[in-house]
Engineer: 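This is the structure I have questions about; it appears just below.
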Amino acid sequence: MSKLFVQTLRDFPQDADAMSHKLLVRAGYIKKIANGIYSYLPLMQRVLKKVEQITREELNKAGAQELLMPFVQPAELWQKSGRWGAYGKELLRMKDRHDVELCLGPTHEEVITYIADGILTSYRQLPVNLYQFQLKFRDEIRPRFGLLRGREFIMKDGYSFHTSQKSLEEEYENMAKAYKRIFERCGLDTKMVQSDSGAIGGKVSHEFMVLTKTQTGEDDVFYCQNCDYSANSNHAVSILDDEITTTAFNKEEEIHTPNVKTIKDLAEFLNVKENNILKSVMYIVDSKPVMVMIRGDKEVEETKLLNVTGGLEIRKATDDEVLEYTGMEPGYMSYSGLENKIKIIFDKSAKGMKNFIIGANKPEYHIKGVNFKGDINFVDVSLVKEGELCPVCNKPLFVTRGIEVGNIFQLGTKYSEPMKAYYTDENGQNKPYIMGCYGIGITRTAASAIEKHHDEFGIIWPLAIAPYHCVVVPVNIQDELQKEVALKIYNELQNKGVEVVLDDREDRAGVKFKDADLIGFPFRITAGKTVQDGLIEFKTRQTGEVVTMTPDEAVNKVVEEVNKLKG
RNA sequence: CGGGAUGUAGCGCAGCUUGGUAGCGCACCUCGCUUGGGACGAGGGGGUCGCAGGUUCAAAUCCUGUCAUCCCGACCA
């Protein structure tokens with residue numbers, strides 16, 4: 001321990017918020033180099049290697065093969081797939097000395113597709129599943145929470161190639177099972193939830209979420225307690241328990257509504273419910289205005305809106321922009337009359353509305369008793385709310401926070417088609433590969449384990465991913481007998497394949513105990529005064545349980561626990 | 001990019017209002033003493049006060065600009 005490259009801190013770092021971030025810095029696992037960019041110090045490196053190894057073992061068992069692709073990628077490949085333009089600012093671009101455009105890899109679909117195209121030429125070679133552990137760089141708008149969202153991070157990314165959708169689906173299932181086992185072995189309970197596929201693309205995708213009680217999770221997950229439906233809020237759908245809403249206003253009539261700007265004001269003013277009002281919200285999608293008509297009590301889910309409009313960037317319109325496009329301040333606008341000027345989206349929450357209230361498209365006026373006319377295409381762009389009904393079984397949905405540690409996608413031919421990556425089928429025809437893609441955030445998984453396993457004293461590593469299994473502490477290193485017993489235990493553990501540290505520092509016992517708890521060694525063997533009676537103290541970090549026993553018993557106990565991991 | 005805050009030693013902070021030789025705790029080095037839950041004493045090393053301008057006899061302190069970091073929203077493993 002006196003030689004270990006680690007410096008623990010007495011205080012939590014000022015600039016950290018998430019528990020995993022605070023503990024990793026304080027216990028000497030990581031060092032920040034720049035915003036969202038960290039060095040993994042020796043303790044951290046050991047943890048990461050263990051998470052990697054578990055992942056590697058399970059993927060190999062599932063039939064995948066490991067390779068390694070470059071961190072720096074040529075723009076050319078991204079231009080072929082069409083993502084050089086579409087990926088946006090998260091892609092860090094640069095030029096080499098010959099003025100050739102390059103980027104730091106945020107993901108590797110382009111590279112793997114290019115590789116596969118040269119090698120997988122026949123249907124006889126398929127299916128194939130390839131994966132790697134690699135640094136990724138995404139120039140995130142706002143990195144935060146330490147390793148939970150860095151700009152540079154370590155990811156396991158895997159890609160599979162198939163000749164049929166059926167084969168892809170089988171592999172997708174296979175990977176889902178492997179993922180579950182990987183996270184279990186890392187000491188993490190995960191929930192597999194439906195999700196939006198974002199910039200990676202494809203139709204079907206699921207996320208593996210570590211559910212958290214704290215606010216540290218960045219995603220809201222909706223789930224049903226009655227059936228197994230669960231989905232990220234950016235993808236969740238629900239059935240409204242008040243799908244049909246109506247009012248007593250059975251005749252269209254303009255009403256003067258001065259100083260009534262919000263839905264709440266309007267509902268009170270007219271003595272109706274918020275779900276009787278058709279709300280107009282304006283967004284700017286890729287610099288163009290889009291108006292969303294949505295039931296008054298519902299909110300717009302921006303990812304869904306982005307998907308529906310096929311856009312890349314989205315934000316709410318400012319008051320000035322609303323003025324520019326509708327000629328009035330927000331609060332009184334409506335879609336009528338604007339159909340030919342701007343894009344209008346009707347959310348499905350509005351479908352069952354009768355005799356509703358709507359902006360009059362002139363300042364200080366609304367219209368009541370309105371009904372939809374003609375054929376209107378309703379689409380889902382709204383955010384689910386807790387308590388709305390499960391789309392599968394009609395029971396109420398619940399919401400919780402989650403950290404996304406893994407993600408699997410059915411890509412189809414999204415990359416193989418534009419990149420002209422073909423194989424030859426039984427009939428001699430060229431066909432694009434049908435692809436799948438599978439990611440695990442290695443650094444994020446390690447950090448999530450801390451979010452789930454810690455106490456007021458420090459980290460409580462699951463044994464499988466702890467940097468070391470055990471620490472041996474002679475209370476007083478000056479005491480020859482204590483030193484001798486500790487050294488003997490240390491050597492024996494090491495001989496039996498246990499990863500062990502001897503705390504040979506001259507510090508007082510308190511310092512060593514505090515550090516042991518902070519760093520999170522799963523087991524601590526203390527050689528104190530009782531060595532005179534041939535006894536040591538055995539502490540289990542997770543339970544806090546302290547037992548007095550002989551050195552041999554302690555060694556056996558640790559060896560037994562470590563061997564369980566292998567079994 | 002919008003809103004809020006902060007930059008002084010490796011870490012945590014004071015000093016700034018009212019300009020006048022840069023401080024405290026932890027960590028680090030030496031010696032002594034101590035050894036079951038972050039001891040104690042003595043001595044010591046370490047900072048162009050984020051950076052650049054300006055005001056002034058004199059700037060960590062006042063003014064302007066700039067950069068960086070953190071927190072809240074859009075991005076995602």
Side-chain angles (χ1 to χ4, degrees), chain A residues 7-18 21 25-26 28 31-32 34-36 87-91 106-107 133-158 179 195-200 205 207-210 215 218-219 232 234 283-285 301-303 305-306 312-316 318 403-409 437-448 457-458 473-479 482-483 505-518 524 526-531 536-537 539 546:
Chain A
Q7 175 71 70
T8 58
L9 304 174
R10 186 75 69 99
D11 308 297
F12 279 121
Q14 197 352 73
D15 58 3
D17 197 41
H21 187 194
V25 172
R26 183 169 167 200
K31 172 88 177 168
K32 186 169 78 175
N35 189 12
Y87 211 91
K89 287 184 181 162
E90 273 80 51
L91 189 63
T107 175
F133 297 96
Q134 180 47 299
L135 281 176
K136 297 282 184 270
F137 193 94
R138 296 182 186 172
D139 198 0
E140 300 276 353
I141 298 163
R142 190 154 90 79
R144 60 182 142 174
F145 299 144
L147 297 191
L148 287 175
R149 176 188 288 291
R151 288 195 293 173
E152 186 180 275
F153 58 97
I154 299 172
M155 178 168 159
K156 185 291 293 184
D157 49 325
Y179 271 36
S195 77
D196 179 72
S197 49
I200 306 294
S205 78
E207 293 169 341
F208 285 78
M209 292 282 188
V210 174
Q215 288 301 299
E218 295 194 279
D219 294 283
N232 191 309
N234 65 22
Y283 280 85
I284 303 295
V285 177
E301 212 301 313
E302 297 186 2
T303 303
L305 181 56
L306 213 44
L312 294 171
E313 278 188 306
I314 187 168
R315 63 178 171 80
K316 272 195 162 157
T318 63
I403 303 170
E404 182 191 354
V405 289
N407 201 331
I408 56 178
F409 301 86
C437 156
Y438 319 91
I440 291 180
I442 299 295
T443 35
R444 186 183 275 183
T445 298
S448 302
F457 303 110
V473 182
V475 168
N476 180 0
I477 196 74
Q478 308 282 346
D479 182 304
Q482 289 181 20
K483 187 174 166 182
R505 296 177 298 176
E506 303 228 349
D507 291 274
R508 296 160 66 88
V511 174
K512 297 187 241 191
F513 293 161
K514 289 284 186 196
D515 275 347
D517 288 346
L518 182 60
R524 189 184 84 200
T526 309
K529 285 181 183 138
T530 53
V531 291
I536 55 83
E537 181 189 280
K539 181 175 176 184
V546 175

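It should be emphasised that the depicted structure is a prediction, and the values quoted were computed from it without experimental measurement. Chain naming here is simple, since letters A, B, ... match the order of the sequence lines and numbering starts at 1 in each.
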Engineer: Return the 5'-most residue of the pair A:Val475, A:Ile141 with respect to RNA chain B, ranking by each residue's nearest nucleotide.
Structural biologist: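 With A:Val475 and A:Ile141 compared, the 5'-side residue is A:Val475.
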Engineer: Counting any heavy atom closer than 4.0 Å, what does A:Asp515 reach on the DNA or RNA strands: base, sugar-phosphate only, or nothing?
Structural biologist: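 If one applies the 4.0 Å heavy-atom cut-off, A:Asp515 turns out to touch a base.
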Engineer: When the distance from CD1 of A:Ile284 to P of B:G2 is rounded to whole Å, what number comes out?
Structural biologist: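 Computing the A:Ile284:CD1 to B:G2:P distance gives 16 Å.
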Engineer: Any base atoms under 4.0 Å from A:Gly406, or only sugar-phosphate, or nothing? Heavy atoms, all strands.
Structural biologist: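 Answer is sugar-phosphate: A:Gly406 comes under 4.0 Å of backbone atoms only.
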Engineer: What string of B, S and - do you get for nucleotides 66-71 of chain B 5' to 3' if you count protein non-hydrogen atoms under 4.0 Å?
Structural biologist: ---SSS
Engineer: Contact class for A:Ile154 (heavy atom, under 4.0 Å): base, sugar-phosphate, or nothing?
Structural biologist: nothing
Engineer: Taking only the P atom of each, what is the distance from B:A74 to B:G38 in whole angstrom?
Structural biologist: 44 Å
Engineer: For the pair made of CG in A:Asp479 and P in B:G36, what is the distance, rounded to whole Å?
Structural biologist: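 Atom-to-atom, A:Asp479 to B:G36, this comes out as 10 Å.
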Engineer: In a table with atom names and distances, give each donor-acceptor pair under 3.5 Å that connects a side chain of residues 139-155 of chain A to protein atoms at least two apart or in another chain.
Structural biologist:
| residue | atom | partner | partner atom | Å |
| --- | --- | --- | --- | --- |
| A:Asp139 | OD1 | A:Arg151 | NH1 | 3.0 |
| A:Glu140 | OE1 | A:Arg149 | NH1 | 3.2 |
| A:Arg144 | NE | A:Glu218 | OE2 | 3.1 |
| A:Arg144 | NH2 | A:Glu218 | OE2 | 3.2 |
| A:Arg149 | NE | A:Glu218 | OE1 | 3.1 |
| A:Arg149 | NE | A:Glu218 | OE2 | 3.4 |
| A:Arg149 | NH2 | A:Glu218 | OE1 | 3.1 |
| A:Arg151 | NE | A:Asn35 | O | 2.9 |
| A:Arg151 | NH2 | A:Asn35 | O | 3.0 |

Engineer: If you find the nucleotide of RNA chain B closest to A:Glu404 and the one closest to A:Glu302, which residue's nucleotide is nearer the 5' end?
Structural biologist: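 Upstream on the strand: A:Glu302.
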Engineer: Strictly under 3.5 Å: I want the nitrogen or oxygen pairs between protein and nucleotides 26-32 of chain B, one per line.
Structural biologist:
| residue | atom | partner | partner atom | Å |
| --- | --- | --- | --- | --- |
| B:C26 | O3' | A:Arg10 | NH2 | 3.3 |

Engineer: Remember a base hit wins even if backbone is also touched, and classify A:Val405 as base, sugar-phosphate or nothing at under 4.0 Å, heavy atoms.
Structural biologist: sugar-phosphate
Engineer: Given the C1' atoms of B:C31 and B:U48, what is the spacing between them in whole Å?
Structural biologist: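 To the nearest whole Å, 34 Å.
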Engineer: Checking all strands, does A:Arg505 fall into the base, sugar-phosphate, or nothing category for heavy-atom contacts under 4.0 angstrom?
Structural biologist: nothing
Engineer: Starting at atom CZ of A:Phe137, determine the distance to atom P of B:C75, rounded to an integer number of angstrom.
Structural biologist: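 Taking CZ of A:Phe137 and P of B:C75, I get 19 Å after rounding.
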Engineer: Classify A:Ile440 by what it touches in the nucleic acid, base, sugar-phosphate, or nothing, heavy-atom distance under 4.0 Å.
Structural biologist: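 Counting heavy atoms under 4.0 Å across all strands, no contact is made by A:Ile440.
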Engineer: Would you say A:Asn234's side chain and A:Thr303's backbone share a donor-acceptor pair under 3.5 angstrom?
Structural biologist: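 Side chain of A:Asn234 to backbone of A:Thr303, a donor-acceptor pair under 3.5 Å: no, none is there.
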Engineer: Write down the distance between CG (A:Leu305) and P (B:C75), rounded to a whole number of angstrom.
Structural biologist: 11 Å
Engineer: Checking all strands, does A:Asp517 fall into the base, sugar-phosphate, or nothing category for heavy-atom contacts under 4.0 angstrom?
Structural biologist: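 Result for A:Asp517 = base.
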Engineer: Specify the separation, in whole Å, of atom CG of A:Leu135 and atom P of B:A77.
Structural biologist: 17 Å
Engineer: Counting any heavy atom closer than 4.0 Å, what does A:Thr303 reach on the DNA or RNA strands: base, sugar-phosphate only, or nothing?
Structural biologist: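 Sugar-phosphate contact only - A:Thr303 comes under 4.0 Å of backbone atoms but never of a base.
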Engineer: Under the salt bridge (charged side-chain N to carboxylate O under 4.0 Å, His left out) criterion, do A:Glu537 and A:Arg524 qualify, and how do the steps go?
Structural biologist: CA-CA 8 Å; A:Glu537 181 189 280; A:Arg524 189 184 84 200; 3.3 Å; yes
